[in-house]
Amino acid sequence: MRADRIRLPHAAARAAALTLALWLSPATAADAPAADVAPTVAADPRLEADVQELAHKLRCLVCQNQSIAESNAPLALDLRNQVREQLAAGRSKEDVVDYLVARYGDFVLYEPPLKGVTLLLWGGPAVLLLAGVGWLAWRVRRRAVESAAVAALSEAEHARARALLAGAGPADVPPSSESRESRS
Amino acid sequence: MKAKFLVPLFLFLGLVGFLAFGLTLNPREVPSPLIDRPAPAFTLARVDDPSQPFALADMRGKVWLLNVWASWCVACRQEHPVLVDLARQKVVPIVGLNYKEVRGDGALDARGMALEAETGLAIERARRWLAEHGDPYTLSVLDIDGRVGIDFGVYGVPETFLIDGDGKIRYKHIGPITPENLQQVILPKLEEVRRAG
(Lines give C-alpha, C1' and ligand atoms only; values in the text may rest on other atoms or scores of the structure.)
Protein backbone atom coordinates (compact mmCIF):
# COMPACT_ATOMS: atom_id res chain seq x y z
CA MET A 1 0.00 0.00 0.00
CA ARG A 2 2.76 2.31 1.03
CA ALA A 3 4.90 1.49 -1.98
CA ASP A 4 1.87 2.03 -4.22
CA ARG A 5 1.41 5.47 -2.83
CA ILE A 6 5.01 6.40 -3.42
CA ARG A 7 4.79 5.26 -7.01
CA LEU A 8 1.74 7.43 -7.64
CA PRO A 9 2.40 10.23 -10.10
CA HIS A 10 3.11 13.47 -8.36
CA ALA A 11 -0.05 15.29 -9.41
CA ALA A 12 -2.27 12.39 -8.47
CA ALA A 13 -0.63 12.07 -5.06
CA ARG A 14 -1.12 15.75 -4.44
CA ALA A 15 -4.72 15.65 -5.55
CA ALA A 16 -5.27 12.71 -3.23
CA ALA A 17 -3.61 14.53 -0.34
CA LEU A 18 -5.69 17.62 -1.01
CA THR A 19 -8.89 15.60 -1.14
CA LEU A 20 -7.94 13.94 2.11
CA ALA A 21 -7.16 17.29 3.72
CA LEU A 22 -10.50 18.72 2.57
CA TRP A 23 -12.29 15.64 3.78
CA LEU A 24 -10.71 15.91 7.20
CA SER A 25 -11.09 19.68 7.59
CA PRO A 26 -13.28 20.43 10.60
CA ALA A 27 -16.02 22.36 8.86
CA THR A 28 -16.84 19.52 6.50
CA ALA A 29 -17.62 17.58 9.64
CA ALA A 30 -20.71 19.75 9.89
CA ASP A 31 -23.49 17.83 8.29
CA ALA A 32 -25.49 19.24 5.48
CA PRO A 33 -29.10 18.17 5.61
CA ALA A 34 -30.22 15.97 2.76
CA ALA A 35 -32.47 17.04 -0.06
CA ASP A 36 -36.10 16.76 0.84
CA VAL A 37 -38.50 18.08 -1.76
CA ALA A 38 -38.34 17.80 -5.53
CA PRO A 39 -37.45 21.11 -7.18
CA THR A 40 -40.60 23.17 -7.44
CA VAL A 41 -41.27 25.58 -10.24
CA ALA A 42 -43.50 28.62 -10.21
CA ALA A 43 -46.52 28.34 -12.48
CA ASP A 44 -45.93 31.78 -13.95
CA PRO A 45 -42.99 31.56 -16.42
CA ARG A 46 -42.14 35.25 -15.95
CA LEU A 47 -41.87 34.77 -12.22
CA GLU A 48 -39.83 31.61 -12.67
CA ALA A 49 -37.46 33.49 -15.00
CA ASP A 50 -36.96 36.08 -12.28
CA VAL A 51 -36.36 33.36 -9.71
CA GLN A 52 -33.77 31.73 -11.95
CA GLU A 53 -32.08 35.04 -12.70
CA LEU A 54 -31.77 35.81 -9.03
CA ALA A 55 -30.79 32.26 -8.12
CA HIS A 56 -27.83 32.45 -10.49
CA LYS A 57 -26.52 35.50 -8.66
CA LEU A 58 -26.68 33.92 -5.21
CA ARG A 59 -24.03 31.66 -3.84
CA CYS A 60 -24.80 28.35 -2.21
CA LEU A 61 -23.33 28.44 1.30
CA VAL A 62 -22.75 24.71 1.39
CA CYS A 63 -20.98 24.12 -1.90
CA GLN A 64 -19.59 27.67 -2.20
CA ASN A 65 -18.50 27.41 -5.81
CA GLN A 66 -22.00 26.97 -7.12
CA SER A 67 -24.94 29.31 -7.28
CA ILE A 68 -28.14 28.27 -5.58
CA ALA A 69 -29.58 27.71 -9.05
CA GLU A 70 -26.94 25.11 -9.88
CA SER A 71 -26.59 23.44 -6.53
CA ASN A 72 -28.71 20.57 -5.37
CA ALA A 73 -27.76 20.99 -1.73
CA PRO A 74 -30.88 21.07 0.47
CA LEU A 75 -30.04 24.56 1.66
CA ALA A 76 -29.86 25.77 -1.95
CA LEU A 77 -33.26 24.23 -2.50
CA ASP A 78 -34.64 25.95 0.60
CA LEU A 79 -33.18 29.27 -0.47
CA ARG A 80 -34.55 28.88 -3.99
CA ASN A 81 -37.95 28.24 -2.50
CA GLN A 82 -37.56 31.31 -0.32
CA VAL A 83 -36.69 33.42 -3.35
CA ARG A 84 -39.65 32.06 -5.29
CA GLU A 85 -42.04 32.52 -2.41
CA GLN A 86 -41.00 36.07 -1.71
CA LEU A 87 -41.07 37.13 -5.35
CA ALA A 88 -44.49 35.53 -5.68
CA ALA A 89 -45.61 37.54 -2.66
CA GLY A 90 -44.75 40.67 -4.63
CA ARG A 91 -41.45 41.61 -3.05
CA SER A 92 -38.85 43.18 -5.31
CA LYS A 93 -35.59 41.47 -6.29
CA GLU A 94 -33.67 43.96 -4.17
CA ASP A 95 -35.80 43.05 -1.16
CA VAL A 96 -35.07 39.37 -1.62
CA VAL A 97 -31.33 40.00 -2.03
CA ASP A 98 -31.35 42.19 1.10
CA TYR A 99 -33.20 39.46 2.97
CA LEU A 100 -30.49 36.92 2.19
CA VAL A 101 -27.59 39.32 2.75
CA ALA A 102 -29.01 40.15 6.19
CA ARG A 103 -28.80 36.47 7.11
CA TYR A 104 -25.78 35.14 5.26
CA GLY A 105 -23.72 38.28 4.61
CA ASP A 106 -22.21 39.57 1.38
CA PHE A 107 -20.75 36.13 0.87
CA VAL A 108 -24.09 35.02 -0.53
CA LEU A 109 -23.65 37.42 -3.45
CA TYR A 110 -21.59 36.19 -6.37
CA GLU A 111 -20.87 39.79 -7.29
CA PRO A 112 -19.44 41.51 -4.22
CA PRO A 113 -20.79 45.02 -3.59
CA LEU A 114 -18.48 48.00 -4.06
CA LYS A 115 -17.59 49.33 -0.63
CA GLY A 116 -14.58 50.20 1.50
CA VAL A 117 -13.37 46.68 2.20
CA THR A 118 -13.88 45.50 -1.38
CA LEU A 119 -12.16 48.51 -2.97
CA LEU A 120 -8.93 46.58 -3.47
CA LEU A 121 -10.88 43.71 -4.99
CA TRP A 122 -12.59 45.91 -7.53
CA GLY A 123 -9.74 48.37 -8.12
CA GLY A 124 -6.86 45.89 -7.85
CA PRO A 125 -6.91 44.67 -11.46
CA ALA A 126 -7.03 48.23 -12.83
CA VAL A 127 -4.17 49.25 -10.53
CA LEU A 128 -2.12 46.24 -11.62
CA LEU A 129 -2.86 46.96 -15.27
CA LEU A 130 -1.84 50.62 -14.94
CA ALA A 131 1.30 49.67 -13.05
CA GLY A 132 2.18 47.15 -15.74
CA VAL A 133 1.57 49.59 -18.58
CA GLY A 134 3.58 52.26 -16.74
CA TRP A 135 6.48 49.90 -16.18
CA LEU A 136 6.41 48.78 -19.81
CA ALA A 137 6.38 52.39 -21.07
CA TRP A 138 9.33 53.23 -18.84
CA ARG A 139 11.29 50.21 -20.07
CA VAL A 140 10.57 50.94 -23.72
CA ARG A 141 11.61 54.55 -23.33
CA ARG A 142 14.82 53.58 -21.55
CA ARG A 143 15.68 51.00 -24.13
CA ALA A 144 15.19 53.56 -26.91
CA VAL A 145 17.60 55.94 -25.19
CA GLU A 146 20.15 53.17 -24.66
CA SER A 147 20.04 51.88 -28.20
CA ALA A 148 20.32 55.44 -29.53
CA ALA A 149 23.51 55.81 -27.52
CA VAL A 150 24.86 52.56 -28.94
CA ALA A 151 23.92 53.44 -32.50
CA ALA A 152 25.85 56.66 -32.40
CA LEU A 153 29.20 55.62 -33.98
CA SER A 154 31.95 58.05 -34.56
CA GLU A 155 33.30 58.88 -38.04
CA ALA A 156 36.39 56.74 -37.47
CA GLU A 157 34.29 53.75 -36.43
CA HIS A 158 32.17 54.12 -39.55
CA ALA A 159 35.32 54.17 -41.67
CA ARG A 160 36.66 51.07 -39.99
CA ALA A 161 33.38 49.27 -40.42
CA ARG A 162 33.36 50.14 -44.11
CA ALA A 163 36.90 48.84 -44.47
CA LEU A 164 35.99 45.58 -42.76
CA LEU A 165 32.95 45.14 -44.94
CA ALA A 166 35.01 45.80 -48.03
CA GLY A 167 37.01 42.68 -47.24
CA ALA A 168 40.13 43.94 -45.55
CA GLY A 169 41.47 41.65 -42.82
CA PRO A 170 41.35 42.89 -39.28
CA ALA A 171 45.11 43.21 -39.31
CA ASP A 172 44.91 45.79 -42.08
CA VAL A 173 42.62 47.95 -40.13
CA PRO A 174 44.13 49.63 -37.12
CA PRO A 175 41.73 49.68 -34.22
CA SER A 176 40.25 53.04 -33.78
CA SER A 177 41.33 54.90 -30.68
CA GLU A 178 37.71 55.95 -30.29
CA SER A 179 36.50 52.39 -30.31
CA ARG A 180 33.99 52.08 -27.53
CA GLU A 181 34.94 48.65 -26.41
CA SER A 182 37.86 46.40 -26.98
CA ARG A 183 37.10 42.95 -28.22
CA SER A 184 40.55 41.45 -28.21
CA MET B 1 20.98 48.82 -7.35
CA LYS B 2 23.45 45.98 -7.01
CA ALA B 3 20.92 43.79 -5.22
CA LYS B 4 18.53 43.99 -8.14
CA PHE B 5 18.73 40.24 -8.67
CA LEU B 6 17.15 39.84 -5.22
CA VAL B 7 13.91 41.52 -6.31
CA PRO B 8 12.26 38.29 -7.59
CA LEU B 9 13.29 36.58 -4.37
CA PHE B 10 11.53 39.21 -2.27
CA LEU B 11 8.47 39.11 -4.54
CA PHE B 12 8.43 35.36 -4.08
CA LEU B 13 8.77 35.64 -0.30
CA GLY B 14 5.92 38.14 -0.25
CA LEU B 15 3.76 35.71 -2.20
CA VAL B 16 4.69 32.90 0.17
CA GLY B 17 3.68 35.14 3.07
CA PHE B 18 0.25 35.76 1.58
CA LEU B 19 -0.28 32.10 0.78
CA ALA B 20 0.87 31.00 4.23
CA PHE B 21 -1.62 33.40 5.81
CA GLY B 22 -4.31 32.09 3.47
CA LEU B 23 -3.67 28.56 4.68
CA THR B 24 -4.54 29.57 8.25
CA LEU B 25 -8.01 30.70 7.17
CA ASN B 26 -10.98 28.39 6.86
CA PRO B 27 -12.93 29.32 3.73
CA ARG B 28 -15.86 27.22 4.90
CA GLU B 29 -16.48 29.47 7.86
CA VAL B 30 -18.65 32.23 6.54
CA PRO B 31 -18.70 35.12 9.00
CA SER B 32 -22.24 35.82 10.13
CA PRO B 33 -23.61 39.32 9.59
CA LEU B 34 -25.87 38.73 12.60
CA ILE B 35 -23.14 39.17 15.21
CA ASP B 36 -24.09 41.99 17.61
CA ARG B 37 -27.50 42.19 15.94
CA PRO B 38 -30.80 41.18 17.52
CA ALA B 39 -31.49 37.48 17.08
CA PRO B 40 -34.38 36.89 14.68
CA ALA B 41 -37.58 36.41 16.65
CA PHE B 42 -39.31 33.05 16.46
CA THR B 43 -42.00 31.05 18.19
CA LEU B 44 -41.77 27.28 17.84
CA ALA B 45 -43.27 24.19 19.43
CA ARG B 46 -41.27 22.46 22.14
CA VAL B 47 -40.04 18.92 21.73
CA ASP B 48 -41.05 17.90 25.25
CA ASP B 49 -44.51 19.45 24.96
CA PRO B 50 -45.51 20.49 21.44
CA SER B 51 -48.63 22.22 22.70
CA GLN B 52 -46.41 24.69 24.49
CA PRO B 53 -44.75 27.28 22.30
CA PHE B 54 -41.36 28.73 23.07
CA ALA B 55 -40.47 32.22 21.91
CA LEU B 56 -37.10 33.89 21.68
CA ALA B 57 -38.40 36.62 23.97
CA ASP B 58 -38.85 34.05 26.77
CA MET B 59 -35.09 34.13 27.32
CA ARG B 60 -34.90 37.89 27.73
CA GLY B 61 -32.53 38.86 30.52
CA LYS B 62 -30.53 35.63 30.28
CA VAL B 63 -27.28 34.86 28.53
CA TRP B 64 -27.79 31.56 26.73
CA LEU B 65 -26.72 29.27 23.93
CA LEU B 66 -28.86 28.26 20.99
CA ASN B 67 -27.54 24.98 19.61
CA VAL B 68 -28.73 23.76 16.22
CA TRP B 69 -28.96 19.98 16.08
CA ALA B 70 -30.71 17.05 14.44
CA SER B 71 -30.72 13.33 15.07
CA TRP B 72 -29.43 12.67 11.53
CA CYS B 73 -26.47 14.96 12.10
CA VAL B 74 -23.34 12.90 12.61
CA ALA B 75 -21.17 15.79 13.79
CA CYS B 76 -23.76 16.54 16.49
CA ARG B 77 -22.96 13.18 18.02
CA GLN B 78 -19.37 14.28 18.24
CA GLU B 79 -20.15 17.50 20.09
CA HIS B 80 -22.98 16.11 22.19
CA PRO B 81 -20.88 14.86 25.15
CA VAL B 82 -19.34 18.33 25.40
CA LEU B 83 -22.81 19.87 25.67
CA VAL B 84 -23.99 17.26 28.17
CA ASP B 85 -20.94 18.00 30.28
CA LEU B 86 -21.53 21.73 30.02
CA ALA B 87 -25.16 21.31 31.04
CA ARG B 88 -24.16 19.25 34.07
CA GLN B 89 -22.02 22.15 35.30
CA LYS B 90 -25.04 24.46 34.94
CA VAL B 91 -22.87 27.20 33.47
CA VAL B 92 -25.30 28.43 30.87
CA PRO B 93 -28.78 27.46 29.66
CA ILE B 94 -28.69 25.69 26.32
CA VAL B 95 -31.72 25.75 24.07
CA GLY B 96 -31.78 23.21 21.26
CA LEU B 97 -33.05 24.12 17.83
CA ASN B 98 -33.97 20.84 16.22
CA TYR B 99 -33.36 21.57 12.55
CA LYS B 100 -35.32 19.78 9.82
CA GLU B 101 -35.48 16.59 11.84
CA VAL B 102 -37.45 14.64 9.24
CA ARG B 103 -36.99 16.32 5.90
CA GLY B 104 -33.31 16.94 6.51
CA ASP B 105 -32.63 13.21 6.86
CA GLY B 106 -31.29 11.86 3.60
CA ALA B 107 -32.37 8.35 4.57
CA LEU B 108 -36.02 9.40 4.68
CA ASP B 109 -38.29 10.53 1.92
CA ALA B 110 -40.49 13.19 3.47
CA ARG B 111 -42.03 14.30 0.21
CA GLY B 112 -45.77 14.32 0.33
CA MET B 113 -45.77 13.77 4.07
CA ALA B 114 -48.44 15.77 5.85
CA LEU B 115 -47.08 18.40 8.22
CA GLU B 116 -48.83 16.83 11.20
CA ALA B 117 -47.40 13.41 10.50
CA GLU B 118 -43.98 14.97 9.96
CA THR B 119 -44.19 16.87 13.24
CA GLY B 120 -45.20 13.72 15.09
CA LEU B 121 -42.33 11.77 13.59
CA ALA B 122 -39.90 14.59 14.33
CA ILE B 123 -40.91 14.69 17.98
CA GLU B 124 -40.60 10.93 18.30
CA ARG B 125 -37.18 10.87 16.66
CA ALA B 126 -35.87 13.85 18.63
CA ARG B 127 -37.03 12.42 21.95
CA ARG B 128 -35.56 9.03 21.19
CA TRP B 129 -32.22 10.60 20.30
CA LEU B 130 -32.15 12.72 23.46
CA ALA B 131 -33.05 9.70 25.59
CA GLU B 132 -30.24 7.75 23.97
CA HIS B 133 -27.48 10.36 24.03
CA GLY B 134 -28.49 12.49 27.02
CA ASP B 135 -30.39 15.75 27.04
CA PRO B 136 -28.24 18.82 27.73
CA TYR B 137 -31.01 21.20 26.70
CA THR B 138 -33.12 23.36 28.95
CA LEU B 139 -35.61 22.70 26.19
CA SER B 140 -35.57 21.98 22.49
CA VAL B 141 -37.80 23.44 19.83
CA LEU B 142 -38.82 22.07 16.45
CA ASP B 143 -37.80 23.86 13.28
CA ILE B 144 -39.62 21.47 10.96
CA ASP B 145 -39.02 23.29 7.68
CA GLY B 146 -35.75 25.02 8.55
CA ARG B 147 -37.23 28.51 8.26
CA VAL B 148 -35.88 29.68 11.59
CA GLY B 149 -32.57 28.15 10.55
CA ILE B 150 -32.53 30.38 7.48
CA ASP B 151 -33.35 33.40 9.64
CA PHE B 152 -30.32 32.59 11.76
CA GLY B 153 -28.15 32.06 8.68
CA VAL B 154 -27.67 28.37 9.46
CA TYR B 155 -25.97 26.55 6.59
CA GLY B 156 -24.87 23.37 8.28
CA VAL B 157 -25.51 21.48 11.47
CA PRO B 158 -24.33 21.85 14.19
CA GLU B 159 -24.05 25.57 14.75
CA THR B 160 -24.21 27.37 18.08
CA PHE B 161 -25.19 30.94 18.87
CA LEU B 162 -24.37 32.86 22.02
CA ILE B 163 -27.24 35.23 22.78
CA ASP B 164 -27.15 37.94 25.44
CA GLY B 165 -29.81 39.29 27.79
CA ASP B 166 -30.97 41.85 25.24
CA GLY B 167 -31.57 39.10 22.70
CA LYS B 168 -28.53 40.00 20.64
CA ILE B 169 -26.36 37.37 18.98
CA ARG B 170 -22.87 37.84 20.35
CA TYR B 171 -21.03 34.89 18.89
CA LYS B 172 -21.58 32.12 16.39
CA HIS B 173 -19.75 28.82 16.40
CA ILE B 174 -19.82 26.82 13.17
CA GLY B 175 -19.38 23.07 13.31
CA PRO B 176 -19.11 20.78 16.32
CA ILE B 177 -17.93 22.29 19.61
CA THR B 178 -14.81 20.57 20.88
CA PRO B 179 -13.65 20.76 24.51
CA GLU B 180 -10.85 23.06 23.29
CA ASN B 181 -13.32 25.40 21.53
CA LEU B 182 -15.40 25.49 24.67
CA GLN B 183 -12.55 26.34 27.03
CA GLN B 184 -10.66 28.69 24.76
CA VAL B 185 -13.40 30.53 22.93
CA ILE B 186 -16.96 29.96 24.07
CA LEU B 187 -16.59 30.15 27.84
CA PRO B 188 -14.36 33.27 27.74
CA LYS B 189 -16.84 34.86 25.34
CA LEU B 190 -19.65 33.96 27.73
CA GLU B 191 -17.80 35.62 30.61
CA GLU B 192 -17.20 38.70 28.50
CA VAL B 193 -20.87 38.98 27.56
CA ARG B 194 -21.95 38.48 31.17
CA ARG B 195 -19.59 41.19 32.41
CA ALA B 196 -20.76 43.58 29.71
CA GLY B 197 -24.42 42.82 30.42
Side-chain angles (χ1 to χ4, degrees), chain A residues 18 21-40 58-66 68 71-86 96-109 112-113 115 117 120 124 128 131 135, chain B residues 23 25-35 37-38 40 68-79 99-113 118 143-160 172-178 180-181:
Chain A
L18 189 66
L22 287 172
W23 183 255
L24 293 176
S25 74
T28 44
D31 286 32
D36 42 21
V37 230
T40 42
L58 297 167
R59 188 198 299 270
C60 170
L61 279 291
V62 183
C63 3
Q64 299 201 348
N65 284 328
Q66 280 183 310
I68 63 168
S71 171
N72 269 323
L75 182 71
L77 203 66
D78 285 356
L79 292 181
R80 249 172 6 232
N81 288 337
Q82 278 285 326
V83 169
R84 185 174 297 115
E85 226 170 80
Q86 298 200 7
V96 178
V97 168
D98 289 347
Y99 166 89
L100 286 169
V101 169
R103 282 154 183 79
Y104 292 100
D106 287 338
F107 190 79
V108 81
L109 302 175
K115 53 186 188 185
V117 287
L120 192 65
L128 279 179
W135 178 78
Chain B
L23 280 178
L25 304 174
N26 183 353
R28 294 222 146 244
E29 282 201 9
V30 181
S32 173
L34 291 168
I35 306 298
R37 306 283 288 273
V68 185
W69 68 281
S71 73
W72 45 259
C73 156
V74 181
C76 297
R77 250 165 255 189
Q78 186 189 329
E79 84 169 353
Y99 178 73
K100 294 173 77 174
E101 176 61 46
V102 175
R103 60 180 81 178
D105 190 343
L108 276 174
D109 188 1
R111 273 174 289 184
M113 196 183 241
E118 192 183 345
D143 185 16
I144 295 283
D145 55 10
R147 274 304 163 79
V148 173
I150 290 181
D151 280 345
F152 273 82
V154 170
Y155 64 95
V157 194
E159 284 184 9
T160 306
K172 176 184 182 182
H173 182 85
I174 295 162
I177 299 174
T178 62
E180 291 78 38
N181 291 156

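Each chain gets a letter, A, B and so on, in the order the sequences are listed, and its residues count up from 1. A quick note: this is a predicted structure, and the numbers were derived from the prediction, not measured.
If you take CZ on F152(B) and OH on Y104(A), they are separated by 11.5 Å, rounding to the nearest 0.5 Å.
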Point to revise | Residues Y99(A), I150(B); criterion side chain to side chain contact (heavy atoms under 4.5 Å, CB included); working and verdict | key: CA-CA 10 Å; Y99(A) 166 89; I150(B) 290 181; 3.7 Å; yes
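Residue V102(B): no heavy atom, backbone or side chain, is found under 4.5 Å from chain A. Using a 4.5 Å cut-off between heavy atoms, V101(A) contacts chain B through its backbone alone, with no side-chain atom that close.
Residues D151(B) and R103(A) share a closest heavy-atom pair of OD1-NE, 2.8 Å. Taking every heavy atom of both residues into account, P33(B) and G105(A) meet most closely at CG-N, 3.2 Å.
Few gaps surround CG on L23(B); more than 12 heavy atoms of other groups in view lie less than 6.0 Å from it.
Within the 4.5 Å cutoff, the side chain of K100(B) has heavy atoms near those of the P74(A) side chain.
R147(B) and D78(A) are not joined by a salt bridge, as no carboxylate oxygen comes within less than 4.0 angstrom of a charged side-chain nitrogen.
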